[in-house]
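Before any comments, here is the structure.
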Amino acid sequence: MGLAKRIIPCLDVENGRVVKGVKFLDIRDAGDPVEIARRYEQQGADEITFLDITASHEGRETTVHTVERMASEVFIPLTVGGGIRTCEDIRRMLNAGADKVSINTAAVFNPEFVAEAASRFGSQCIVVAIDAKKVSLPGEEDRWEIFTHGGRKPTGLDAVAWAQNMVNLGAGEILLTSMDQDGMKSGFDLGVTRAISEAVHVPVIASGGVGNLDHLVDGVLIGKADAVLAASIFHFNEYTIPEAKRYMQARGIEMRL
Amino acid sequence: MSSIAVIDYGMGNLHSVAKALEHVQPGVEVRVTADPQQVRDADRVLLPGVGAIRDCMAEIRRLGVDAEVAEAIKSGKPFLGICVGFQALMDFSEENGGVDCLGEFPGRVNFFGDTLLDQDNTPLKVPHMGWNQVTQTIDHPLWQGIDDHSRFYFVHSYYVKLAQAERVAATCEYGVPFDVALAHKNVFAVQFHPEKSQHAGLQLLKNFLNWQGQP
């Protein structure tokens with residue numbers, strides 16, 4: 001009995017529509033993020049993360065309305081990430097009904113923004129998203145670096161030290177996207193997940209490269225993650241959320257069923 | 001149709017709680033307001049809150065919300081506190097170097113600490129964030145239709161210890177046991193977020209809208 005580990009499905013949304021595709025059975029409109037979020041809520045998702053990949057200004061307005069609609073119909077926590085660069089961006093998302101915002105690239109270019117955001121809105125709603133990749137060569141001591149621009153641009157920043165720095169500035173949670181060197185669907189990089197989870201006192205959400213349910217289990221048991229985020233395995237009905245939760249619980253992980 | 005005032009003192013996301021109330025009782029009149037007359041006119045009062053207690057208390061005092069809360073509690077109408085809206089009812093919080101709260105109920109708000117351990121001696125993360133099991137310690141109209149040990153969504157780094165055990169309505173455990181619900185006459189207050197706790201949370205809000213303020 002105690003705090004449950006969380007499963008968080010992630011929706012990539014562009015101009016108010018889910019992209020990359022979601023193929024639930026018997027869903028009315030597979031592109032509507034609100035409909036999909038409701039379905040995940042009914043299945044027992046513990047939170048929803050909404051990643052806004054809209055580039056245009058007009059598109060951002062649509063995002064605010066989508067968040068408003070989602071918050072009126074989905075009664076589990078909602079995190080909005082993507083394009084959060086100013087306190088004004090945060091205020092708008094929170095007023096629209098988001099519970100947390102996720103700050104990514106803006107934190108790399110302006111770490112003080114995290115401190116400002118946390119002091120203004122409280123650490124409980126500030127998630128800092130980190131994209132980390134292993135940069136040490138075989139035989140060397142493990143080392144991971146922060147990348148920006150969807151994992152394309154190295155920054156030279158050490159991932160573990162950076163995560164600690166973000167928490168010291170006020171981040172209430174770390175969303176860690178890592179990928180095993182082998183690439184897609186091979187699971188989280190458990191080394192960096194564990195290193196960061198043990199280095200910071202706030203919850204860590206593991207994300208990236210989930211291909212099967214053992215990856216989720218390993219993220220918690222070996223990577224010491226407090227929550228696991230996944231997209232495609234749920235979107236394409238490879239696994240349902242109740243199935244994932246039962247699988248994790250059967251391996252000794254406390255879940256909300 | 002009943003009306004409810006959600007007290008707005010500028011802290012946090014009031015959209016969610018207002019929408020959740022409208023969802024469980026379509027047609028309910030939800031007023032998000034700090035206006036004393038509107039609070040006085042409402043049948044029910046809800047005190048929400050997120051963020052740092054020092055900022056919350058400063059805004060509560062600046063806007064005169066302290067007097068509105070005292071009056072609402074005394075009036076006998078159903079009153080619900082949520083998260084910082086629960087903590088604010090205590091005497092004192094050790095957050096932000098120590099902050100005097102409203103003192104409506106004897107009790108303290110303590111920090112979980114940096115050295116919290118679970119049964120296996122693994123360090124526990126702070127904030128306490130996610131779905132934890134709530135043990136109901138009394139029968140109460142607000143627990144109606146909610147199974148004991150149901151999970152609710154929490155996000156907080158400070159916890160309440162009530163001075164009077166008979167006012168505890170539920171407890172939870174995270175490294176330490178702590179009080180997560182208070183019941184006294186027309187007042188009910190919770191540490192978790194019912195508006196974010198799916199079925200169990202919505203049931204609690206529904207119970208609140210049907211409650212006449214009797215224990």
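In this text, all values refer to a predicted model and were calculated from it rather than measured experimentally. Hydrogens, waters and symmetry mates are skipped; everything else that's a heavy atom, side chains included, is used. Chain letters run A, B, ... following the sequence lines, proteins first and then strands; every chain starts at 1.
Using a 4.5 Å cut-off between heavy atoms, A:S119 touches chain B through its backbone atoms (N, CA, C, O) alone. Residue A:A118: no heavy atom, backbone or side chain, is found under 4.5 Å from chain B. For B:E195, the part lying under 4.5 angstrom from a heavy atom of chain A is the backbone only. Contact annotation for A:V74: only backbone heavy atoms (N, CA, C, O) come within less than 4.5 Å of a heavy atom of chain B. For B:P127, the parts lying near chain A are the backbone and the side chain together; criterion is any non-hydrogen pair under 4.5 Å.
Counting heavy atoms from C-beta outward, B:Y174 and A:L3 have side chains that approach closer than 4.5 Å.
By number of non-hydrogen pairs under 4.5 angstrom with chain B, the leading residue of A:L78, A:D46, A:V200 is A:D46. For the set A:C125, A:G44, A:G97, the count of heavy-atom pairs under 4.5 angstrom toward chain B peaks at A:G97. Ranked by heavy-atom pairs under 4.5 Å with chain B, the first of A:M255, A:R91, A:R120, A:K5 is A:M255. Across A:A71, A:P77, A:G122, A:A4, the residue that shares the most heavy-atom pairs under 4.5 angstrom with chain B is A:P77. Options A:E47, A:Q124, A:R256, A:H201 differ in how many heavy-atom pairs under 4.5 Å they form with chain B, and the most are formed by A:R256.
Interatomic distance, CD1 of A:I76 versus OG of B:S16, reported as 11.5 Å (0.5 Å rounding). Separating the OG atom in A:S72 from the CD atom in B:E22 is a distance of 8.0 Å, to the nearest 0.5 Å. Taking CD of A:E68 as the reference point, atom NZ of B:K19 lies at 8.0 Å (rounded to 0.5 Å). Note that CD of A:E198 and OG1 of B:T122 are 10.0 Å apart. Values are rounded to the nearest 0.5 Å.
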Which donor-acceptor pairs under 3.5 Å do the side chains of residues 50-64 of chain B make with protein atoms, sequence neighbours left out?
unit_1	atom_1	unit_2	atom_2	d
B:E59	OE1	B:R62	NE	3.3
B:E59	OE1	B:R62	NH2	2.8
B:E59	OE2	B:R62	NE	3.2
B:R61	NH2	B:C101	O	3.3

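Between the B:Q198 side chain and the A:E41 main chain, a donor and an acceptor come within less than 3.5 Å of each other.
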- request: Go through the steps to decide whether B:M129 and A:V202 satisfy the test side-chain contact (heavy atoms from CB on, under 4.5 Å), and finish with yes or no.
  value: CA-CA 9 Å; B:M129 187 186 285; A:V202 303; over 6 Å; no

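Annotation: salt bridge (Lys or Arg N to Asp or Glu O under 4.0 Å) contacts of A:D142 (sequence neighbours excluded): A:K134.
Of all non-hydrogen atoms in A:G2 and B:R151, the two that sit nearest each other are O-NH1, 2.7 Å. What you find for A:D99 and B:K196 is that their closest heavy atoms are OD2-NZ, 2.8 Å.
The 12-atom threshold is not exceeded at NZ of B:K206, counting heavy atoms of other residues, nucleotides or ligands nearer than 6.0 Å. Counting heavy-atom neighbours within 6.0 Å of A:Q42 CD, excluding the residue itself, gives a total above 12. The neighbour count for B:R108 CZ, taken as heavy atoms of other residues, nucleotides or ligands under 6.0 Å away, is above 12.
Residues of residues 214-231 of chain A that come within less than 4.5 angstrom of chain B, heavy atom to heavy atom, are A:D226 in numerical order. Interface with chain B: from residues 158-174 of chain A, residues A:G172, A:E173 qualify, criterion being any non-hydrogen pair under 4.5 Å.
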